[in-house]
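So you know, we letter chains A, B, ... as the sequences are listed, proteins then strands, and number each from 1.
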2 protein chains.
Amino acid sequence: MTEPSPVRQPDLPPPMPARPEADPGPVATGLAVERVDTSFLETLIGYNARRAALTIISHFLPRMAQFGLRPVEFSVLTLIGHNPGITARQLCTTLDLQPPNLVGMIKGVEKRGLLEKRDHPSDRRAQGLYLTAEGESQLEQAQETALALEVEATPRLTPLERITLIRLLRKVYQPDH
Amino acid sequence: MTEPSPVRQPDLPPPMPARPEADPGPVATGLAVERVDTSFLETLIGYNARRAALTIISHFLPRMAQFGLRPVEFSVLTLIGHNPGITARQLCTTLDLQPPNLVGMIKGVEKRGLLEKRDHPSDRRAQGLYLTAEGESQLEQAQETALALEVEATPRLTPLERITLIRLLRKVYQPDH
DNA sequence: TATTGTTATACTCTATAACTATA
DNA sequence: TATAGTTATAGAGTATAACAATA
């Protein structure tokens, strides 16, 4: 990345006279910060989860560009593929999307011939969403790529750690169950 | 966020008879999808990490609004507080921010009197960032709030699970170490 | 009266190009 | 030549309000 900041040789100035106050943090030498202390942020699940998600996404984007799929589009296509006839409303509640933001996305993949809308059997307001043959083929390849990319993006996780990590993440965003 | 989707009562259909084939997914009845199958997405770390991060952020936003701090502003203030004299460049590489996006943020908190810039001791292009007394006071309260909010946002995690989760997330976004 | 899908729109977040002053 | 900070700007991503058709 940027600076390896190798062997730590702080070269501290002579100690300051003792002070009564509590922890002053890293010694204020008036000099530049050599190593950035991120210890507090690293105690926060939100910070760590966000950083981890962004790392995976940075691997996801170039690999899935061949399918023209961004993360949410991939999630939408996956849910349609595994739930033929799902409605837009169901996609929104499942993926926490706002309906207006889904309209353009569906219109896009529909225009690319990956999915089609059909009449909903019992509610004429709604439409069931289905993958086309091309959509199913694309999704199959995209899913394989996603699985491979995840392993490549997380080389330090053992298979067991991967399972544990997923289980704990689900406990965060699925308060019930 | 949008909808808490309260008590989940899936209203499951009666169990289906055993079938020899490999899992064909939800039965294509030509009828509406009753329960949305998310099983594939839930095997992906990226999906789960993103959902978990968004859940925490949804708790973060209203709680930290009293300090006028959004997630990245909180991270920036935290790093400055723990690393007096840190430069904008160091903040960018540490938090994976683009320099142009940091400028306005720093300008904002500086105008609110929470931080100040001083000359860098050895590089006249750079500036060291420091919290004001008010900034330190605000940060201290904000950090306490963040810690409390995280626990409230993840009631199903035991203290041990929290530690494990953080350790595994760090293995995802810190390839070295 | 409530809900599905939709349009229009605004706001936030993030990314790129190009400039300046220093190194 | 490269780097720190900055400006301007463009593009994603996400949010709200309001509407027509249907429940």
From [options], pick the nucleotide closest to the side chain of [X]?
{"X": "A/Q127", "options": "C/dT6, C/dT12, D/dG5", "value": "C/dT6"}
{"X": "A/V103", "options": "C/dT6, D/dG5, D/dT14", "value": "C/dT6"}
{"X": "B/R89", "options": "D/dG5, C/dT4, C/dT7", "value": "D/dG5"}

Measure [atom1]/[X] against [atom2]/[N] and give the value in whole Å, please.
{"X": "B/L97", "N": "C/dT14", "atom1": "CG", "atom2": "C1'", "value": "10 Å"}
{"X": "A/F74", "N": "D/dA12", "atom1": "CZ", "atom2": "P", "value": "21 Å"}
{"X": "A/N101", "N": "C/dA10", "atom1": "CG", "atom2": "P", "value": "15 Å"}
{"X": "A/L61", "N": "D/dG11", "atom1": "CG", "atom2": "P", "value": "17 Å"}
{"X": "B/L95", "N": "C/dC13", "atom1": "CG", "atom2": "P", "value": "15 Å"}
{"X": "A/I86", "N": "C/dT4", "atom1": "CD1", "atom2": "C1'", "value": "14 Å"}
{"X": "A/I57", "N": "C/dT14", "atom1": "CD1", "atom2": "C1'", "value": "12 Å"}
{"X": "A/R70", "N": "D/dT14", "atom1": "CZ", "atom2": "P", "value": "10 Å"}

Whichever of A/T87 and A/R50 has its nearest DNA chain C nucleotide further upstream toward 5':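 Upstream on the strand: A/T87.
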B/Q143 side chain near B/H82 side chain, heavy-atom distance below 4.5 Å: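 Yes, at least one pair of side-chain atoms sits under 4.5 Å.
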Donor-acceptor contact present, side-chain A/R162 to main-chain A/L157, <3.5 Å: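 Yes; judged by distance alone, with no hydrogens or angles, the pair exists.
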Residue met sooner reading DNA chain D from 5', once A/P71 and B/G128 are mapped to nucleotides: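 In this pair, the answer is B/G128.
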A/E42 and A/T38: side chain donor to acceptor below 3.5 Å: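 Side-chain D/A pair, A/E42 to A/T38: present.
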Would you call [X] and [Y] a salt bridge, using N to O less than 4.0 angstrom?
{"X": "A/R167", "Y": "B/E161", "answer": "yes"}
{"X": "A/E73", "Y": "A/R70", "answer": "yes"}
{"X": "B/E110", "Y": "B/R112", "answer": "no"}

Side-chain N or O of A/Q98 closer than 4.0 Å to phosphate OP1/OP2 of D/dA15: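 True: A/Q98 side-chain N/O within range (under 4.0 Å) of D/dA15 OP1/OP2.
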OP1 or OP2 of D/dT6 under 4.0 Å from side-chain N/O of B/K117: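 Yes, within the criterion.
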Protein-to-nucleotide contact annotation, 5' to 3' order, nucleotides 17-23 of chain D [B base; S sugar-phosphate only; - none; under 4.0 Å, heavy atom]: B---BBS
Distance flag, aromatic centroids of B/Y47 and A/F74, threshold under 6.0 Å: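 Not close enough - the centres of the two rings lie 6.0 Å or further apart.
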